[in-house]
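Read the structure below first, then the notes.
All chains are named by letter (A, B, ...) in the order of the sequence lines, taking the proteins before the strands, and each is independently numbered beginning at 1.
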Protein chains: 2
Amino acid sequence: MDRSNDTDLTRIFDTIEYPEAYRVTYLANAIVFPAYGEIKRDFGLVRAEYILLACLSHFDVLTAQEVARISRRPRNTISRAVHRMLNESYLERSPDPADGRQSKLKITPKGRALHDEISGYLSRRQDEVLAALNAEERATLTALLKKAALHTAKLDD
Amino acid sequence: MDRSNDTDLTRIFDTIEYPEAYRVTYLANAIVFPAYGEIKRDFGLVRAEYILLACLSHFDVLTAQEVARISRRPRNTISRAVHRMLNESYLERSPDPADGRQSKLKITPKGRALHDEISGYLSRRQDEVLAALNAEERATLTALLKKAALHTAKLDD
DNA sequence: CATTTGTTGTTCCATTTGGAACAATATGCG
DNA sequence: CGCATATTGTTCCAAATGGAACAACAAATG
């Protein structure tokens with residue numbers, strides 16, 4: 001196709017009123033959408049479900065509420081994901097003896113194995129998207145992202 | 001509340017298998033979710049609708065397909081947004097004489113005014129989230145994000 | 001020029017999503 | 001203790017979402 005006459009769709013990166021927010025969101029979408037599509041196709045998981053897996057892979061035990069806070073998703077979404085993942089025995093739940101409202105969630109070996117497969121999809125896509133950066137640039141980006149993320153976590157306590 | 005015994009929910013920033021992807025997505029969510037909630041509450045717009053406004057604010061004329069490409073959303077989502085925004089006369093549509101399949105979309109002054117209000121919400125939240133970075137760090141981050149974003153746009157052509 | 005293939009915008013439909021209300025439990029305060 | 005307020009997980013319901021099929025048109029190929 002002749003694209004010589006096409007609009008340059010990347011101009012908006014510079015003209016948008018909120019450049020950092022736009023670029024961050026653009027990159028997040030560029031990573032998550034394709035990976036999410038593949039994960040759904042290959043494993044039948046929806047987003048809240050693999051997020052649940054990811055959280056439980058990195059903490060020994062969490063409540064549903066904590067998963068919701070980490071992932072910034074509504075509690076009911078997480079609640080549904082918990083039921084489906086319990087059903088497939090990707091995780092297990094035990095009542096908290098100290099607080100009758102909440103339950104403790106733990107990932108099972110089967111769940112961990114699934115997470116390991118899934119995280120490969122996300123790592124691969126991450127590396128594709130960041131391929132334009134050399135090692136030093138990437139390290140700088142990673143450090144700045146962490147600084148901002150830690151601040152943001154405190155901000156929204 | 002006594003949090004001395006709570007799990008540190010930010011540990012996952014370091015232990016996750018895809019740190020850059022996780023942090024980028026975390027920041028994107030931290031910016032977009034609250035701003036999106038406010039925009040919905042104050043203006044009744046859903047995400048595809050303000051995305052449409054943002055795109056048309058930065059290009060003289062676009063087709064629905066181009067908006068879908070810029071925003072990585074399915075065409076039908078954009079199609080619906082176009083109808084609602086036409087109805088509210090936030091934009092106008094004219095058939096393309098050179099191609100009977102597509103129409104050219106343009107934002108109206110009313111639409112531009114709405115976008116100006118909305119972008120304030122996103123800019124504000126962006127600045128809150130990035131408040132931990134000094135001017136130099138922020139400039140570095142912005143430049144690295146742009147480099148990655150431009151590469152990604154080419155990657156997915 | 002005829003036929004096949006691709007593209008655009010739309011509608012249909014099933015699924016996902018998230019706000020609101022709810023019951024059960026916990027906490028704060030008089 | 002007893003009552004008001006907050007929190008957790010859940011269900012309900014309306015809305016948003018995205019894949020698939022479709023009609024209209026365009027481009028490519030023989």
- Query: If you take all heavy atoms of A:A28 and B:T25, which pair is closest and at what distance?
  - Reply: CB-CA, 3.9 Å
- Item | Toward the 5' end of DNA chain C, by each residue's nearest nucleotide, A:G44 or B:K104 | B:K104
- Hey, can you tell me if A:H115 and B:Y18 have their rings parallel, tilted or perpendicular (30° and 60° cut-offs)? tilted
- Rounded to the nearest angstrom, tell me the gap between atom CD in A:E49 and atom C1' in C:dT17. 13 Å
- Note on the structure: Nearest-nucleotide check on DNA chain C, A:D96 vs A:Y36; residue mapping nearer the 5' end is A:Y36
- Whole Å only: how far is the CD atom of A:E66 from the P atom of D:dT8? 9 Å
- Item | Check: A:F43 ring centroid to A:Y121 ring centroid under 6.0 Å | yes
- Between D:dG9 atom C1' and A:L62 atom CG, what is the distance in whole Å? 15 Å
- Out of D:dG9, C:dT16, C:dT25, whichever nucleotide has its closest atom nearest the side chain of A:R84: C:dT16
- Euclidean distance, atom CD of residue B:E38 to atom P of C:dG18 [Å, nearest integer]: 17 Å
- Message: Tell me whether the side-chain N/O atoms of A:T77 come closer than 4.0 Å to OP1 or OP2 in C:dG18.
- Response: yes
- Task: Measure from NZ or CZ of A:R47 to the centre of the six-membered ring of A:Y50, then state whether that distance is under 6.0 Å and the direction lies within 45° of the axis.
- Result: no
- Query: Rounded to the Å, how far apart are A:Q65 CD and D:dT8 P?
  - Reply: 4 Å
- Message: Under 4.0 Å from OP1 or OP2 of D:dA16: is there any side-chain N or O of B:R73 that close?
- Response: no
- Is any N or O donor-acceptor pair between the side chain of B:N76 and the base of C:dG9 shorter than 3.5 Å? no
- Item | Side-chain N,O (B:R47) to OP1/OP2 (C:dT17) below 4.0 Å | no
- Note on the structure: Comparing nearest nucleotides in DNA chain D, the 5'-proximal residue of the pair A:K40, A:S79 is A:S79
- Query: Rounded to the Å, how far apart are A:N29 CG and D:dG18 P?
  - Reply: 10 Å
- Query: At under 4.0 Å between heavy atoms, what does B:R41 touch on the DNA or RNA strands: base, sugar-phosphate, or nothing?
  - Reply: nothing
- Take the protein atom CG of A:D99 and the nucleotide atom C1' of C:dT27, then report the distance between them rounded to whole Å. 10 Å
- Message: Quick check: on DNA chain D, is the nucleotide nearest A:S103 upstream (toward 5') of the one nearest A:R80, or the reverse? Name the residue that is more 5'.
- Response: A:S103
- Minimum-distance nucleotide to A:R101 side chain [options: C:dT17, D:dT7, D:dG9]: D:dT7
- Note on the structure: Of the candidates C:dT10, D:dG9, D:dT10, the side chain of A:A64 sits closest to D:dG9
- Query: Is the base of D:dT8 touched by the side chain of A:R75 through a donor-acceptor pair closer than 3.5 angstrom?
  - Reply: no
- Query: Which atom names give the shortest non-hydrogen contact between B:I70 and B:C55, and what distance separates them?
  - Reply: CG2-SG, 3.8 Å
- Item | Spacing between A:N87 atom CG and D:dT10 atom P, to the nearest angstrom | 13 Å
- Message: Given the ring of A:F33, does B:R72 sit roughly above its face, with NZ or CZ under 6.0 Å from the centre of the six-membered ring and within 45° of the axis?
- Response: no
